Amino acid sequence: MTVAAERIDRLHELARAAAADDERERARYYVRLARRVAERNRLELPREFRRFTCDACDAYLRPGRNARVRTRDGHVVITCDCGAQSRYPYEE
């Protein structure tokens, strides 16, 4: 694992902890920083990190707090408080 990948993992942990403590701006800062590190090092963000961040406002999503999660036919729809939606497929 490279230094950049380790830093992205650490920023993911920090964003999760900040979101759990209701420090939304701090969590948003960590998400933006992790995305910037990934871009500069041409790395792909981990799946769990991508699924729990909003592409529009960079918020760390916490289902029931700032995100709504619904299941539809063959996919999950996650709606952020800002109104952005993400859809992810799943198999039944």
Side-chain angles (χ1 to χ4, degrees):
M1 185 179 279
T2 65
V3 174
E6 289 176 10
R7 182 148 190 228
I8 290 170
D9 287 341
R10 179 69 177 136
L11 287 168
H12 180 221
E13 293 171 11
L14 290 171
R16 181 185 305 147
D21 293 338
D22 266 348
E23 296 178 0
R24 294 180 185 202
E25 288 305 315
R26 182 173 297 218
R28 185 171 280 134
Y29 170 75
Y30 291 141
V31 169
R32 287 180 181 147
L33 192 58
R35 286 187 176 168
R36 195 167 37 203
V37 169
E39 279 181 12
R40 286 184 180 165
N41 292 283
R42 295 183 181 186
L43 294 175
E44 186 174 293
L45 289 170
R47 174 181 275 178
E48 185 179 347
F49 189 84
R50 283 180 288 156
R51 297 269 169 110
F52 285 100
T53 55
C54 177
D55 291 334
C57 67
D58 292 329
Y60 189 84
L61 301 176
R62 305 254 316 161
R65 284 222 177 138
N66 66 345
R68 185 177 68 202
V69 180
R70 299 288 187 258
T71 57
R72 298 287 177 228
D73 297 327
H75 62 272
V76 176
V77 179
I78 300 175
T79 307
C80 179
D81 280 346
C82 73
Q85 291 185 345
S86 300
R87 303 169 120 213
Y88 302 109
Y90 74 91
E91 294 183 22
E92 296 181 36

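Everything numeric in this text was worked out from a predicted model, so none of it was measured.
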* **Steps toward side-chain contact (heavy atoms from CB on, under 4.5 Å) verdict (Leu43, Ile8)** => CA-CA 10 Å; Leu43 294 175; Ile8 290 170; 4.2 Å; yes
* **Ion pair check, Arg35 and Asp55, cut-off under 4.0 Å** =>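 Answer for the salt bridge query: yes.
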* **Residues Glu48 and Arg51 bridged, charged N to O under 4.0 Å** =>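 Salt bridge absent between Glu48 and Arg51.
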* Asked: How would you list, by chain and number, every residue that makes a ring pair (Phe, Tyr, Trp, His ring centres under 6.0 Å) with Phe49, sequence neighbours excluded?
  ->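 Ring pair (Phe, Tyr, Trp, His ring centres under 6.0 Å) check on Phe49 returns His12.
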* **All ring pair (Phe, Tyr, Trp, His ring centres under 6.0 Å) counterparts of Tyr30, not counting sequence neighbours** =>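 Tyr30 satisfies ring pair (Phe, Tyr, Trp, His ring centres under 6.0 Å) with no other residue.
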If you take all heavy atoms of [X] and [Y], which pair is closest and at what distance?
{"X": "Ala67", "Y": "Ile78", "result": "CB-CG2, 4.2 Å"}
{"X": "Ala56", "Y": "Ala84", "result": "CB-CB, 3.8 Å"}
{"X": "Ala27", "Y": "Ala15", "result": "CB-O, 3.6 Å"}
{"X": "Arg28", "Y": "Cys57", "result": "NE-O, 2.8 Å"}
{"X": "Val69", "Y": "Pro63", "result": "CG2-CB, 3.9 Å"}

In Å, rounded to the nearest 0.5 Å, how long is the span from [atom1] of [X] to [atom2] of [Y]?
{"X": "Leu61", "Y": "Arg65", "atom1": "CG", "atom2": "CZ", "value": "13.0 Å"}
{"X": "Arg16", "Y": "Thr53", "atom1": "CZ", "atom2": "OG1", "value": "12.0 Å"}
{"X": "Thr79", "Y": "Asn66", "atom1": "OG1", "atom2": "CG", "value": "11.5 Å"}
{"X": "Asp9", "Y": "Leu14", "atom1": "CG", "atom2": "CG", "value": "11.0 Å"}
{"X": "Arg68", "Y": "Asp81", "atom1": "CZ", "atom2": "CG", "value": "9.5 Å"}
{"X": "Thr71", "Y": "Tyr88", "atom1": "OG1", "atom2": "OH", "value": "15.5 Å"}

* State which residues pass side-chain hydrogen bond (donor to acceptor under 3.5 Å, both in side chains) with Gln85; sequence neighbours excluded, sorted by chain then number. =>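 Gln85: no side-chain hydrogen bond (donor to acceptor under 3.5 Å, both in side chains) contacts found.
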* Heavy atoms of other groups near Arg62 CZ, more than 12 under 6.0 Å ->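 Yes, the 6.0 Å shell around CZ holds more than 12 heavy atoms from other groups.
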* **Arg10 vs Glu13, salt bridge (charged side-chain N to carboxylate O under 4.0 Å, His left out): CA-CA, chis, key distance, verdict** => CA-CA 5 Å; Arg10 179 69 177 136; Glu13 293 171 11; 3.4 Å; yes
